[in-house]
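Predicted model only: the values in this text are computed from it and were never measured. We count ligands from 1, going down the list as the structure has it; atoms in each ligand are counted the same way.
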Amino acid sequence: MNKINIAIDGPASSGKSTVAKILAKNYGYIYTDTGAMYRSVTYLAIQHKISFSDEEGLVDLVERYPISFEQTVAGQKVFVAGQEVTEAIRQNDVTNGVSEVSAWSGVREKLVEVQKEIAKNGGVVMDGRDIGTAVLPNAEVKIFLVASVLERAERRFKENQAAGIATDFETLKKEIEQRDYLDSTREVSPLKQAKDAFLVDTTGLSIAEVVKRIEEIVEHKQALIK
Ligand code: DC
C-alpha cells in the first residue's frame with residue numbers, strides 16, 4: 001500500500017489531535033502536531049521575554065531553538081533545543097498568546113519549511129489550520145474537522161481538568177471563540193477549508209465514529225490511487 005499524507009485541519013478543540021494520533025497509530029504513520037510548534041515558539045517568547053508583536057525576535061527564536069518530537073508509548077513528547085515542553089505549551093498563557101504569534105508570516109515560513117520536510121516521503125498524519133491549504137496542498141487525503149463551540153468548550157474543559165489546569169467554563173468558551181476569530185481572519189494562511197477537503201462535523205459523534213468516517217475516506221482514496 002502506498003504511503004500517503006493525511007492533512008487534518010479545523011478550529012481549536014475540534015478533535016484533530018485525538019483522531020490524528022489514532023489514525024497515525026492504525027496506519028503506522030508519523031503524527032505531526034503543528035499547533036505544538038506554534039505553541040513552542042509562544043512558550044519560548046514568554047521565557048525569553050520577547051514580545052508577541054516582535055516578528056523579528058520571534059523568528060530569531062525559531063532559528064535558535066529547533067523544535068522536535070519524540071514518539072513514546074506514553075504519547076508524543078515535544079522538545080525545544082532538547083528541553084521537554086510537552087506540558088508547558090498547554091498552559092493558559094501559551095494558549096492565549098499563540099494566535100498572535102502564529103499570525104506572523106516570518107514565523108509561519110520557518111515552521112512550514114520544517115513541516116514540509118517531515119512529510120516529504122509520505123506516511124504522515126499532520127494536523128493544524130493550514131495543512132491542506134498551504135503546508136501539504138498535494139496531500140492525498142484532506143479532512144476539515146468542525147464541531148459546535150459549546151461541545152469544543154466542553155472537551156477543552158475536561159482535558160484541562162484531567163491535566164490539573166484550573167479553568168472557568170464561560171471564559172474557556174470565550175477564549176475558543178476569540179481564537180477561532182483570530183485564526184480564521186488573519187492575513188497569512190487563515191484557517192479555511194481546502195476546496196478538496198472532506199468536511200466532517202464531529203458534534204455528537206464519538207471519537208471512534210469520527211475515526212471510522214475518516215478511515216472510510218482514506219480507503220476510498222487508496223483504492224483510487226492504487
Ligand atoms: O491546534 P492548537 O490549538 O494546538 O494550535 C495552537 C494555535 O496555533 C492555533 O490557535 C493557531 C495556530 N496554528 C496555526 O496557525 N497553524 C497551524 N498549522 C497549527 C496551529
Side-chain angles (χ1 to χ4, degrees), residues 5-21 31-46 52 55 58-59 61-62 67 69 75-78 80 85-119 124-137 139 142-147 149 151-153 155-160 163 165 167 172-194 197 202:
N5 281 327
I6 304 174
I8 304 187
D9 290 301
S13 300
S14 53
K16 299 181 301 290
S17 66
T18 307
V19 295
K21 277 179 205 157
Y31 165 58
T32 306
D33 175 358
T34 62
M37 300 170 94
Y38 292 97
R39 285 172 180 274
S40 297
V41 181
T42 309
Y43 169 80
L44 282 168
I46 295 168
F52 296 158
E55 181 176 17
L58 294 169
V59 171
L61 287 176
V62 178
I67 301 162
F69 297 102
Q76 180 175 263
K77 291 184 175 177
V78 188
V80 278
V85 295
T86 315
E87 279 169 22
I89 61 169
R90 303 283 152 201
Q91 301 300 318
N92 284 338
D93 54 347
V94 172
T95 302
N96 293 331
V98 66
S99 287
E100 194 177 344
V101 169
S102 62
W104 291 114
S105 60
V107 173
R108 302 200 70 84
E109 266 166 36
K110 294 276 168 209
L111 294 186
V112 167
E113 218 174 276
V114 178
Q115 293 157 8
K116 282 181 189 278
E117 181 65 25
I118 292 173
V124 167
V125 184
M126 191 172 278
D127 79 4
R129 303 294 188 287
D130 60 338
I131 311 304
T133 53
V135 182
L136 306 177
K142 297 181 186 178
I143 306 292
F144 197 73
L145 273 196
V146 295
V149 172
E151 185 154 326
R152 288 188 285 134
R155 288 177 192 167
R156 194 46 66 105
F157 186 75
K158 283 184 197 149
E159 272 171 26
N160 282 0
I165 302 171
T167 22
L172 198 58
K173 200 164 140 247
K174 283 206 191 83
E175 284 169 359
I176 287 181
E177 281 168 336
Q178 170 71 357
R179 209 136 65 87
D180 280 358
Y181 175 76
L182 292 174
D183 294 345
S184 51
T185 56
R186 71 174 176 227
E187 264 173 54
V188 197
S189 302
L191 168 68
K192 196 166 134 235
Q193 182 179 348
T202 71

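Between the Thr202 side chain and the Val146 main chain, a donor and an acceptor come within less than 3.5 Å of each other. A donor-acceptor pair is defined here as one N or O able to donate and one able to accept, closer than 3.5 Å; such a pair exists between the side chain of Trp104 and the backbone of Phe52. Panel note: side chain Lys158, backbone Ala153; no donor-acceptor pair is recorded below 3.5 Å.
The closest approach between Arg90 and ligand 1 falls below 4.0 Å for a heavy atom of the residue. Residue contacts with ligand 1 leave out Ala12, since none of its heavy atoms falls under 4.0 Å from the ligand. For Arg108, the heavy-atom gap to ligand 1 drops under 4.0 angstrom. For the ligand labelled ligand 1, residue Gln115 lies outside the 4.0 Å heavy-atom shell.
When non-hydrogen atoms are compared, ligand 1 lies under 4.0 Å from the backbone of Arg129 as well as from its side chain. In Gln178, neither the side chain nor the backbone holds a heavy atom less than 4.0 Å from any atom of ligand 1. Counting heavy atoms closer than 4.0 Å to ligand 1, residue Arg39 contributes side-chain atoms (C-beta onward) but none from N, CA, C or O.
Ion pairing between a basic and an acidic side chain is recognised when a charged N comes within 4.0 Å of a carboxylate O; Arg152 and Asp180 show such pairing. Checked for salt-bridge contact, Asp33 and Arg90 meet the test: a charged N lies under 4.0 Å from a carboxylate O. Using a cut-off of 4.0 Å between Lys/Arg side-chain N and Asp/Glu carboxylate O, Glu113 and Lys110 are scored as not salt-bridged. Ionic pairing of Asp9 and Arg129 is not present here: no N-O contact between side-chain nitrogen and carboxylate oxygen is shorter than 4.0 angstrom. Salt bridge Arg155/Glu151: present, at least one basic N to carboxylate O contact under 4.0 Å.
Closest to atom 20 (C) of ligand 1, if we only count protein heavy atoms, is Gly35 CA, 3.5 Å. Protein heavy atom at the shortest distance from atom 6 (C) of ligand 1 is Arg179 NH1, 3.6 Å. With respect to atom 12 (C) of ligand 1, the closest heavy atom belonging to the protein is Ser102 OG, 3.5 Å. Nearest protein heavy-atom contact of atom 19 (C) of ligand 1 is Thr34 OG1, 3.3 Å. From the protein, the heavy atom lying nearest to atom 18 (N) of ligand 1 is Asp130 OD1, 2.8 Å.
For ligand 1, the atoms sitting less than 4.0 Å from at least one non-hydrogen atom of Asp183 are 9 (C), 10 (O), 11 (C), numbered in the order shown with element in parentheses. Which parts of ligand 1 touch Ser99 is read off a 4.0 Å heavy-atom cut-off, strictly below it: atoms 10 (O). Within the listing of ligand 1, atoms 8 (O), 13 (N), 14 (C), 16 (N), 17 (C), 18 (N), 19 (C), 20 (C) sit less than 4.0 angstrom from a heavy atom of Tyr38.
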Exercise for the section: Would you check, one step at a time, whether the test side chain to side chain donor-acceptor pair (under 3.5 Å) holds for Tyr31 with Asp127? Expected result: CA-CA 8 Å; Tyr31 165 58; Asp127 79 4; 3.1 Å; yes
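By the 3.5 Å distance cut-off applied to N or O atoms, Arg186 is counted among the residues near ligand 1. Not one N or O of Arg156 is nearer than 3.5 Å to an N or O of ligand 1, by distance alone.
Annotation: side chain of Ile89 is not in contact with side chain of Thr42 (no heavy-atom distance under 4.5 Å).
Residue Glu159 qualifies as enclosed at atom CD: its count of foreign heavy atoms under 6.0 Å is above 12.
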